[in-house]
Novice: 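The structure is given below, and queries will be raised subsequently.
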2 protein chains.
Amino acid sequence: MAGHGGRGRSGGRPTLEEVAARAGVGRGTVSRVINGSPRVSDATRAAVEAAVAELGYVPNTAARALAANRTDAIALVVPESETRFFAEPYFSDMLRGVGAALSETEMQLLLIFAGSDRERRRLAQYLAAHRVDGVLLVSVHAHDPLPDLLGQLEIPAVISGPRSEHETLPSVDSDNYGGGRSAVEHLMARGRSTIATITGRLDVYGAQRRIEGYRDALLAAGREVDERLIVPGDFTEAGGRRAMTELLERCPHLDAVFAESDVMAAGARQVLREAGRRIPDDVALVGYDDSAIARHMDPPLTSVRQPIEEMGRAMLGLLLDEIADRRPAVSRGLERRQVVLPTELVARASS
Amino acid sequence: MAGHGGRGRSGGRPTLEEVAARAGVGRGTVSRVINGSPRVSDATRAAVEAAVAELGYVPNTAARALAANRTDAIALVVPESETRFFAEPYFSDMLRGVGAALSETEMQLLLIFAGSDRERRRLAQYLAAHRVDGVLLVSVHAHDPLPDLLGQLEIPAVISGPRSEHETLPSVDSDNYGGGRSAVEHLMARGRSTIATITGRLDVYGAQRRIEGYRDALLAAGREVDERLIVPGDFTEAGGRRAMTELLERCPHLDAVFAESDVMAAGARQVLREAGRRIPDDVALVGYDDSAIARHMDPPLTSVRQPIEEMGRAMLGLLLDEIADRRPAVSRGLERRQVVLPTELVARASS
DNA sequence: AGGTACCGTGGGAGCGCTCCCACAGGTGAT
DNA sequence: ATCACCTGTGGGAGCGCTCCCACGGTACCT
């Protein structure tokens with residue numbers, strides 16, 4: 001098994017040099033063929049490709065990374081614990097979108113969790129070593145230092161939701177404002193009069209935008225905004241339960257709830273059930289994300305769909321642009337670096 | 001070396017050579033300090049460490065990988081789609097265990113899905129390029145070619161469940177036989193007479209072992225094994241529903257079901273409910289995995305707990321041993337390369 | 001005819017590390 | 001004194017690639 005019949009060198013994998021010898025060309029030419037350079041004649045290309053196939057040549061990524069100063073890998077950084085990551089369908093959809101888009105390239109995706117301080121330090125070390133060409137940052141909170149760190153290290157990055165309206169990093173987001181607004185408009189159209197909302201974490205810009213949509217929808221309809229009907233949640237099921245309990249105490253007569261995530265809606269539903277409220281007869285419920293939870297809930301949950309997979313694809317697209325543009329140190333304008341994708345209300349039995 | 005005009009030393013990251021100059025020592029010495037070699041005097045070590053800190057030196061992984069022929073990365077390969085991965089709590093626990101154990105090392109974890117043929121080909125390419133030092137293989141089916149491929153490429157690997165009793169790869173598994181047996185013993189102790197089982201995929205060795213446990217428990221108690229009470233599932237909720245429907249048709253008088261995964265138990269529960277069977281009054285139900293699903297089910301599900309996180313840790317331990325032992329081409333015995341961890345029955349209201 | 005473009009091509013010079021050999025200086029036995 | 005043998009250290013020789021310059025050849029100008 002070891003001997004490679006005469007000309008076989010030691011057990012190792014074939015190198016560029018060996019492919020070159022086999023094809024009767026120079027090292028540079030093989031490199032050009034491998035990297036798809038157009039400056040190679042068809043005959044030569046064919047010869048090289050044959051040699052590559054015969055030898056089963058696979059480029060050595062370490063050597064390539066060293067010489068070319070790139071890694072052909074990007075990281076999806078999740079500033080959450082594994083547990084949260086798995087509990088939140090958002091992440092899995094995002095990962096699927098990125099994965100699908102990435103499979104059309106030669107790049108490798110790394111999934112990095114940075115929930116704890118310890119993991120954070122590890123990540124910082126990792127980034128300092130420039131082990132990836134770029135970073136996709138999802139679910140970043142307002143005062144997270146990560147984006148700045150990436151800036152200092154000059155690592156291309158794309159963020160999933162802007163941290164504020166002044167975001168400087170390229171970003172992809174869904175229309176949180178419009179989504180929030182459409183949820184409330186839907187509930188009003190259904191004849192609901194007292195519409196509460198369970199918000200996401202307030203340090204997430206997108207959550208803020210949903211609340212603004214909620215407010216504006218009410219105001220635009222000539223209604224007043226009752227601040228007691230706005231209760232902060234934290235995107236978890238437990239948080240949804242807590243907020244719903246609070247709401248029932250504050251306003252026992254409410255007849256609609258807009259939960260700014262499906263997971264929180266699930267929590268709210270439990271509390272409503274226990275309190276003897278029927279959905280949607282007594283209280284209409286609308287969620288956000290249109291995840292699997294929404295479809296499987298009893299009754300099925302009306303929810304605002306965000307095209308998460310598409311967002312993942314879009315993020316990757318932006319990142320690859322960033323990376324490509326950084327190579328020859330070109331700097332273009334900011335056009336198309338802030339992508340906003342539309343949301344869509346999916347009406348089901350809960351409202 | 002300085003005089004190659006134009007080559008901007010300024011912008012780049014510091015190199016070993018620069019640290020050496022700064023500390024007034026040779027390159028080799030810095031390398032020794034960085035890699036924790038004991039053959040360095042304390043004074044020299046201190047000087048080097050100071051220089052490293054001052055310059056903010058971070059080793060270049062690509063260069064290291066090229067020179068040392070290792071990558072300091074391992075892959076967790078999941079031969080499933082992302083969707084299945086997220087649906088199955090088993091994987092997330094496993095990932096958590098591996099991640100926790102890995103954070104004590106300098107190694108990097110890569111998560112690779114290989115559900116589709118396309119992803120498979122990509123993985124093969126990836127492995128051929130030796131971009132990882134080792135592979136953790138979870139949930140491998142009987143005739144999967146992956147283990148053989150790894151063998152050919154001489155990449156250290158550890159498998160989560162043996163493919164058969166003749167498994168040659170190092171593996172970590174829970175005591176599936178004992179777990180299956182204890183579930184049935186528990187049901188018998190509860191006075192159940194007609195105990196059915198919904199099995200896992202038959203091409204998974206662990207699932208086979210659970211069935212053997214089921215059989216032997218019955219036989220040991222002097223009962224007969226009724227083959228009609230053994231229905232194959234596939235570890236999914238839909239499969240659980242299907243199997244349960246089948247069981248109710250075949251044996252309407254059954255009074256206990258052992259589902260060989262919690263997810264399938266959840267499916268079975270739905271069917272039982274719809275058929276008007278009360279749990280546990282009419283039919284006792286036992287699951288396997290003791291995942292979050294079991295705790296949250298209504299009624300809470302009795303389940304066989306496997307220490308999945310520990311299994312993840314153990315797998316990583318074995319893999320690191322494999323990698324270390326391969327370096328100086330030593331080959332030891334096979335002791336301790338097949339780890340089996342105990343299971344534990346967690347009794348709840350469903351039985 | 002010479003000049004000026006370009007091709008396509010070969011191969012030198014690194015990229016930043018690790019590995020390993022050589023060697024200085026110290027120690028203890030003879 | 002000689003020898004052997006440590007320990008700590010410096011630096012050469014790669015690892016396998018990409019980048020880029022130089023070169024011979026063809027084509028199309030003057």
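Labels below follow one simple rule: chain letters A, B, ... track the order of the sequence lines, proteins then strands, and each chain is numbered from 1.
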Novice: What's the separation between atom CE in B/M315 and atom CD in B/E310, rounded to the nearest 0.5 Å?
Specialist: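 Here the interatomic distance stands at 14.0 Å.
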Novice: Nearest nucleotide by nearest heavy atom, which residue falls closer to the 5' end of DNA chain C, B/S31 or A/L66?
Specialist: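 First, find each residue's nearest nucleotide; the 5'-ward one identifies A/L66.
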Novice: Rounded to the nearest Å, what distance is computed from the CD1 atom of residue A/I34 to the C1' atom of nucleotide D/dG16?
Specialist: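 That distance rounds to 12 Å.
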Novice: Output the rounded distance in Å from CZ (A/R64) to C1' (D/dC17).
Specialist: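 That distance rounds to 8 Å.
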Novice: Take A/L110 and B/Q108, measure what side-chain contact (heavy atoms from CB on, under 4.5 Å) needs, and give me the verdict at the end.
Specialist: CA-CA 9 Å; A/L110 276 118; B/Q108 171 66 22; 3.2 Å; yes
Novice: Given D/dC19, D/dG16, C/dT18, which nucleotide is nearest the side-chain atoms of B/A68?
Specialist: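 Nearest to the side-chain atoms of B/A68, counting from C-beta on, is C/dT18.
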Novice: Could you tell me if the side chain of B/R120 sits less than 4.5 Å from the side chain of B/L146, heavy atoms only?
Specialist: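 Heavy-atom side-chain distance check passes, below 4.5 Å.
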Novice: In whole angstroms, how far is the C1' atom of C/dG16 from the CZ atom of B/R70?
Specialist: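 So the CZ-C1' distance, B/R70 to C/dG16, works out to 14 Å.
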Novice: In whole Å, what is the span from the CG atom of A/N69 to the P atom of C/dC17?
Specialist: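 Taking atom P of C/dC17 as the reference, CG of A/N69 is at 12 Å.
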Novice: For B/R131 and D/dG16, what is the distance between atoms CZ and P respectively, to the nearest whole Å?
Specialist: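 Roughly 17 Å, once rounded to whole Å.
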Novice: What is the distance, to the nearest angstrom, from the CG atom on B/L16 to the P atom on D/dG14?
Specialist: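 That distance rounds to 19 Å.
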Novice: All N/O contacts under 3.5 Å from nucleotides 25-27 of chain C to the protein, with atom names and distances to one decimal?
Specialist:
none

Novice: Can you pull every protein N or O that's under 3.5 Å from an N or O on nucleotides 9-13 of chain D?
Specialist:
unit_1: D/dT9; atom_1: OP1; unit_2: B/S41; atom_2: OG; d: 2.9
unit_1: D/dT9; atom_1: OP1; unit_2: B/T44; atom_2: OG1; d: 2.1
unit_1: D/dT9; atom_1: OP2; unit_2: B/S41; atom_2: N; d: 2.9
unit_1: D/dG10; atom_1: OP2; unit_2: B/G26; atom_2: N; d: 2.6
unit_1: D/dG10; atom_1: OP2; unit_2: B/T29; atom_2: OG1; d: 2.6
unit_1: D/dG10; atom_1: N7; unit_2: B/R32; atom_2: NH2; d: 3.4
unit_1: D/dG10; atom_1: O6; unit_2: B/R32; atom_2: NH2; d: 3.0
unit_1: D/dG12; atom_1: N7; unit_2: B/R27; atom_2: NH2; d: 3.2
unit_1: D/dG12; atom_1: O6; unit_2: B/R27; atom_2: NH2; d: 2.6
unit_1: D/dA13; atom_1: N6; unit_2: B/R27; atom_2: NH2; d: 2.8

Novice: Identify the two heavy atoms, one from A/P14 and one from A/L55, that lie closest to each other, and give their separation to 0.1 Å.
Specialist: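 Minimum heavy-atom separation between A/P14 and A/L55: CG-O, 3.4 Å.
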Novice: Under 4.0 Å from OP1 or OP2 of D/dT18: is there any side-chain N or O of A/N35 that close?
Specialist: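 Looking at the OP1 and OP2 atoms of D/dT18, one of them is under 4.0 Å from a side-chain N or O of A/N35.
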Novice: How many whole angstroms separate atom NE2 of B/H130 from atom P of D/dC15?
Specialist: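 Computing the B/H130:NE2 to D/dC15:P distance gives 17 Å.
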Novice: Can you tell me if B/E104 has over 12 outside heavy atoms packed within less than 6.0 Å of its CD?
Specialist: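 Enclosed.
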Novice: Below 3.5 Å is the cut-off: list the nitrogen or oxygen pairs between protein and nucleotides 23-28 of chain D, distance only.
Specialist:
none

Novice: A/F85 vs A/F113 aromatic rings, parallel, tilted or perpendicular, using cut-offs 30° and 60°?
Specialist: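 If you compare the ring of A/F85 with that of A/F113, the planes turn out perpendicular.
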Novice: Rounded at 0.5 Å granularity, tell me how far OG in B/S31 sits from CD in B/E17.
Specialist: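 Output value for this atom pair is 12.0 Å.
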Novice: When rounded to the nearest 0.5 angstrom, what is the spacing between CG in B/L109 and CD1 in A/I112?
Specialist: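 Those atoms lie 10.0 Å apart.
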Novice: Decide, yes or no, whether a salt bridge links B/D72 with A/R131 under the criterion of side-chain N to carboxylate O below 4.0 Å.
Specialist: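 Between A/R131 and B/D72 there is no salt bridge, as every charged N stays at least 4.0 Å from the carboxylate O atoms.
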Novice: Using 0.5 Å steps for rounding, measure from the CZ atom of B/R313 to the CG atom of B/L341.
Specialist: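 That separation rounds to 12.0 Å.
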Novice: Please determine if B/R96 and A/E82 form a salt bridge, counting it only when a charged side-chain N lies under 4.0 Å from a carboxylate O.
Specialist: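 Looking at A/E82 together with B/R96, the answer is no, because their closest N to O distance does not fall below 4.0 Å.
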